[in-house]
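To keep things clear, I will list the structure first and then write my remarks on it.
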Amino acid sequence: MPSTVSLPEDWPAHPDLSLSLNRMGSFDWDLVTGLMHLDAAGLEVFDTAPGEYDGRPESLSARVPPAEAARLDALVSSALKSAVDSYGAYFRIRCRDGTLRWTHTQGRVMRGPDGRPYRIIGIVRDATEELSHSAERLGLDEERRRQTSVVESTTAALAHARTVKDVIDALGDAHGLERLGSMGMVMGLVEAGRIHLVAEGPVGSFVPGTRYTRVDEQYPMSEVVRSLQPRFLDSADEFASDFPGLWAKISYMRISAAAYLPLIAQARPIGAIGLLYQDKDGFTQEERNLLVALGSSIAQSLQRAMLLEQEHDLAEGLQQAMLPRRIPDVPGARIAVRYRSARMGQDIGGDWYDVIPLPGGRVGAVIGDVQGHDTHAAAVMGQLRIVLRAYAAEGHAPATVMARASVFLHELDTDRFATCTYVEADLSTGVLQLVRAGHLDPLLRTRDGDCRRLPTEGGMPLGLSAEFGRLEYPVTTLELDPGETILLCTDGLVEQPGADLDDGVRLLTELVRSGPADLQLLADRLCEVVDDRGGDDDMALLLLRRQGEDSPQGGGRLQQHVAPGDPEALVAARHMIGAAVRAWGARSRSDEIELVADELIVNALMHTDGPAIVTLRVLAGPERRLRVEVEDRSSALPRRREAGESGVSGRGLMLVDRLADVWGVESRGSGKCVWCEFTMA
């Protein structure tokens, strides 16, 4: 009888044990749910503890370097899209101690009756011993380094691309083609069912009639857009056989191979790229994988650039719609405005200008800048411009206009603030009332061409002053002589990278000083400097020049609304009166005029419920006279009476009667107007 052999209880070994002992593991990847089961041996190959893996392939990203991951993704993607049923690849993983080790994977693609893949079953194994021979390892390492270098350098070149042209330039210049080993590149974008050729290959190689081609035509780019599959033409004969019409027109270029790749973003084709080669005999599998991976990177960069261009166009259109369509004709003034967006590829900001006609021959000039460079900044700018214009048109004092605009911006529930300068100018007298909210000081250009900065007091930026309860905006009163020009701008005109803001203002002052006298030509000249500099910020510019003769003119008129409980408006009215008296040549009677006007304003505010409207006018005639009018909503007429021994009531009209040459009261609708006149020397 044959001897009985004692066999182990676990004989034959279970496949899992065989795989584990040989440092091999298995995986089962459900493509529908995206989950991938990885057994214990497979997790050990990836040097990953069971608790660190949650069934999603992304959980292994810490173990697979980015360049290797991109190559593997491209390989799997190519296998799923093609008719092959299996794939294999060597790649490296990064162990816990930071070292890299070789790994190999083999996958089998399971497809349904319709040919669509739904599952991948495969193995992963430690390939360190297999590649232990130094020559093999060095050869593979060298190839991996070359491929990694191509991926990294091309990705780095595309990282700064913000427009489609930037993408084309990064790929099509000498360095880009050298990285790809190509002698020329063509690229087309899908537009309304056609392919628009945006990069036409080597210089002089454009084929007439191919600027726009249909997706269903017999061209390589059309084919890859239709099929969403790359097309590798390994020889000139294959090119000529499959695309005879195109080959007949480009055969003189001695193309020996070509690779056409679909550019796919978010599962839809946005274009195609073709790489042309000379002295190349086909493509290895590694080269195909590399080009597919690069095609994916190019598509992502191209889509990002297209989205940025669309956002830029949208923001620019929004901002242009928010800016005034035209500047009104203002008697007594010449005005020039300009707006320049940042260089292409940068987002639009919130810079704006405005010119507001006001009653009594006055005009409001506004320059402002909302924080940020996006469509939100442009939208906030539009709202702020409208409310500021409305407050000014209602007749509020400049300080009140600014304070109310700040409150509005704060209540808009946005995280943006804005800087702004508002100038209210009486062009008949040249009196300017200027309020500044965190903005640049204006510049003044004199009649002889000199230019200087106008230091002015200022308050906090709009929005911030309301948030911190600091709504006091000091008013600076200036006098603009005939022929003089005031310049308002945003910081995009003076800021330069790495330079101090004061240096930018000094440079701007020199440019204005040496610029042409004509206002429009001067504005163009300043814009040319911005365009040449190519800054990263928008720029708005407003130039206002007062016209007229040197001698004071009759018919000058200033008006100011003073609301009850609005001390800023009262202070602004006093500033206006003092500046008008000086500008109109009544300095000898300035104390009398200011005292009487102040008395009339205070009386109107104390004894009536509504606002007081203060108007100053110069009356032409044999004797030039200055007329002060204070309107209110009360129909009760004032009475002059003697004040008691200890009282003060009644002294106001006595003061007016003593100091003014003549005074009186007129009915005005539902209210009245108290007026007085002073002869001017």
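It should be emphasised that the depicted structure is a prediction, and the values quoted were computed from it without experimental measurement. Each residue takes its place number in the sequence, starting with 1.
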*Looking only at heavy atoms, what is the nearest atom pair of Leu542 and Tyr353, with distance?*
CD1-CB, 4.3 Å
*Taking the side chain as C-beta and beyond, is there a heavy-atom pair between Val164 and Leu302 under 4.5 Å?*
yes
*Could you walk me through whether Ile335 and Leu543 pass the side chain to side chain contact (heavy atoms under 4.5 Å, CB included) check?*
CA-CA 6 Å; Ile335 299 174; Leu543 298 167; over 6 Å; no
*How far apart are the closest heavy atoms of Gln433 and Thr477, and which atoms are they?*
CG-OG1, 4.4 Å
*Should the pair Arg627-Glu677 be classified as a salt bridge under the 4.0 Å nitrogen-to-oxygen rule?*
yes
*Please determine, by modelled atom types, if Asp632 and Ser634 share a side-chain donor-acceptor pair under 3.5 angstrom.*
no
*Salt-bridged, Glu631 to Lys672, with N to O below 4.0 Å?*
no
*In Å and rounded to the nearest 0.5 Å, what is the SG to CZ distance from Cys527 to Arg338?*
6.0 Å
*For Leu493 against Leu526, the heavy-atom pair lying closest together*: CD1-O, 4.0 Å
_Can you list everything that forms a side-chain contact (heavy atoms from CB on, under 4.5 Å) with Pro516? Sequence neighbours excluded, please._
Leu521, Leu522, Arg525
*Compare all side-chain heavy atoms of Leu488 with those of Leu541 and state whether any distance is below 4.5 angstrom.*
no
*From CZ (Arg633) to OG1 (Thr608), nearest 0.5 Å*: 9.0 Å
*Do Thr485 and Arg445 have side-chain atoms, one donor and one acceptor, less than 3.5 Å apart?*
no
*asked:* Under a 3.5 Å cutoff, is there a donor and acceptor pairing between the side chains of Tyr339 and Asp351?
replied: no
_When you compare the side chain of Val363 with that of Ile356, does any pair of heavy atoms fall below 4.5 Å?_
no
_Flag side-chain contact, heavy atom, 4.5 Å: Val614 against Val562_ = yes
*Non-hydrogen atoms of Leu659 and Glu592 that approach each other most closely*: O-OE1, 3.7 Å
_Any donor-acceptor pair under 3.5 Å from Arg574 side chain to Glu594 backbone_ = no
*Can Cys676 and Val662 be said to form a side chain to side chain contact (heavy atoms under 4.5 Å, CB included), step by step?*
CA-CA 6 Å; Cys676 57; Val662 61; over 6 Å; no
_Point-to-point distance, once rounded to the nearest 0.5 Å, from CZ of Arg587 to CD1 of Ile593_ = 12.0 Å
*Sidechain-backbone polar pair: Glu484 side chain, Asp481 backbone, donor-acceptor under 3.5 Å*: yes
*Nearest 0.5 Å, what's the CD1-OH distance between Ile386 and Tyr391?*
12.0 Å
*Do Thr419 and His439 have side-chain N/O donor and acceptor atoms under 3.5 Å apart?*
yes
*asked:* I'd like to know if the side chain of Glu472 and the backbone of Ala399 have a donor-acceptor N/O pair within less than 3.5 Å.
replied: no
*CA sep, side-chain torsions, deciding dist, call: Glu424, Arg362, salt bridge (charged side-chain N to carboxylate O under 4.0 Å, His left out)*: CA-CA 7 Å; Glu424 188 173 293; Arg362 295 172 299 132; 2.7 Å; yes
*Start with the C-alpha gap between Tyr473 and Val401, add the side-chain angles, then the distance that decides, and say whether side chain to side chain contact (heavy atoms under 4.5 Å, CB included) holds.*
CA-CA 10 Å; Tyr473 284 98; Val401 170; over 6 Å; no
*Is Val512 close to Leu487 at the side-chain level, that is, under 4.5 Å between some pair of heavy atoms?*
yes
*At their closest point, which heavy atom of Val630 faces which heavy atom of Ala604, and how far apart are they?*
CG1-CB, 3.9 Å
*Taking the side chain from Asp661 and the backbone from Thr679, do they hold a donor-acceptor pair closer than 3.5 Å?*
yes
*Would you find more than 12 non-hydrogen atoms of other residues, nucleotides or ligands less than 6.0 Å from Arg506 atom CZ?*
yes
*asked:* How about CG on Asp448, more than 12 heavy atoms from neighbouring residues, nucleotides or ligands closer than 6.0 Å, or not?
replied: yes
*Count the heavy atoms belonging to other residues, nucleotides or ligands that lie under 6.0 Å from CZ of Arg334, then report whether that count exceeds 12.*
no
_Check ion pair Asp450-Arg513 (N to O, under 4.0 angstrom)_ = yes
*So which pairs with a foot in residues 451-464 pass salt bridge (charged side-chain N to carboxylate O under 4.0 Å, His left out), sequence neighbours left out?*
Asp441-Arg453, Arg453-Asp502
*If we ignore angles and hydrogens, is there a donor and acceptor under 3.5 Å between the side chains of Thr456 and Arg436?*
yes
_Distance check, rounded to the nearest 0.5 Å: Arg546 atom CZ versus Asp426 atom CG?_
8.0 Å
May I have the list of side-chain donor-acceptor pairs in residues 406-413 shorter than 3.5 Å, sequence neighbours left out?
from	atom 1	to	atom 2	distance (Å)
Ser406	OG	Gly463	N	2.9
Ser406	OG	Ser465	OG	2.5
Ser406	OG	Ala466	N	3.3

*Intermediate values then yes/no, side chain to side chain contact (heavy atoms under 4.5 Å, CB included), Ser590 and Phe678*: CA-CA 10 Å; Ser590 60; Phe678 300 84; over 6 Å; no
*asked:* Do Asp598 and Ile577 make a side-chain contact, defined as non-hydrogen atoms from C-beta onward lying under 4.5 Å apart?
replied: no
*With the side chain counted from C-beta on, respond yes when Trp663 and Val596 share a heavy-atom pair under 4.5 Å apart, and no when they do not.*
no
_Atom pair CD/CE of Gln371 and Met381 - distance to nearest 0.5 Å_ = 15.0 Å
*Closest heavy-atom contact between Tyr422 and Val366?*
CD1-CG2, 3.6 Å
*Is there side-chain contact between Glu629 and Val674, with at least one heavy-atom pair below 4.5 Å?*
no
